[in-house]
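See structure below.
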Amino acid sequence: MHNKMSATGVLAHLIYILESNLSELTSSAHKDDYIMGSWEACIECLEIIGCWTQAKDYGLNYNPEIKFNMETAQCCCPSTTLRRKK
C-alpha cells in the first residue's frame, strides 16, 4: 500500500508510471493485442492528465502519441487492427 499523497503528488507519480510503461511497451519487439491495448490505455490516461491545468509544470508538455510512437507497430493477430484515430 502506498503512503497517502496529495492530488498533485498522485498525478505526478501517475505520469511517471505511465511514461515508464510506455517506454517499455514501445521497446517491445513483440507487438500483440496485449501490448497494443496497454499502449492505447496509457496514451489515453496521459491525454486525460494533460487536461490538468498544471500538467505542463510536471513534464507533461508534449503529445504522448507522438513521443511514444507505435506507428510502426503491427499487431501479430491478423484479425485485429489497432490504430489510433488522428
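Since the model is a prediction, treat every value here as computed from it, not as a measurement.
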Practice problem: Identify the heavy atoms of H30 and I35 that sit nearest to each other, and give their distance. | Solution: O-CG1, 3.4 Å
Practice problem: Looking only at non-hydrogen atoms, find the nearest pair between W39 and L25 and report the distance. | Solution: N-CD1, 3.5 Å
What pairs of donor and acceptor atoms, side-chain ones from residues 48-55 against any protein atom, are under 3.5 angstrom apart with sequence neighbours left out?
none

Quiz item: When rounded to the nearest 0.5 angstrom, what is the spacing between CD in E65 and CG in L22?
Solution: 11.0 Å
Practice problem: Find the distance between CD1 (I15) and OG (S20) and round it off to the nearest 0.5 Å. | Solution: 11.5 Å
Exercise. Measure the CG-SG distance between N21 and C42 for me, rounded to the nearest 0.5 Å.
Key: 5.0 Å
Quiz item: So how far is it from L14 CG to L46 CG, rounded to the nearest 0.5 Å?
Solution: 7.5 Å
Exercise. Return the set of residues passing side-chain contact (heavy atoms from CB on, under 4.5 Å) with K67 (not counting sequence neighbours), or none when no residue passes.
Key: E19, Y62
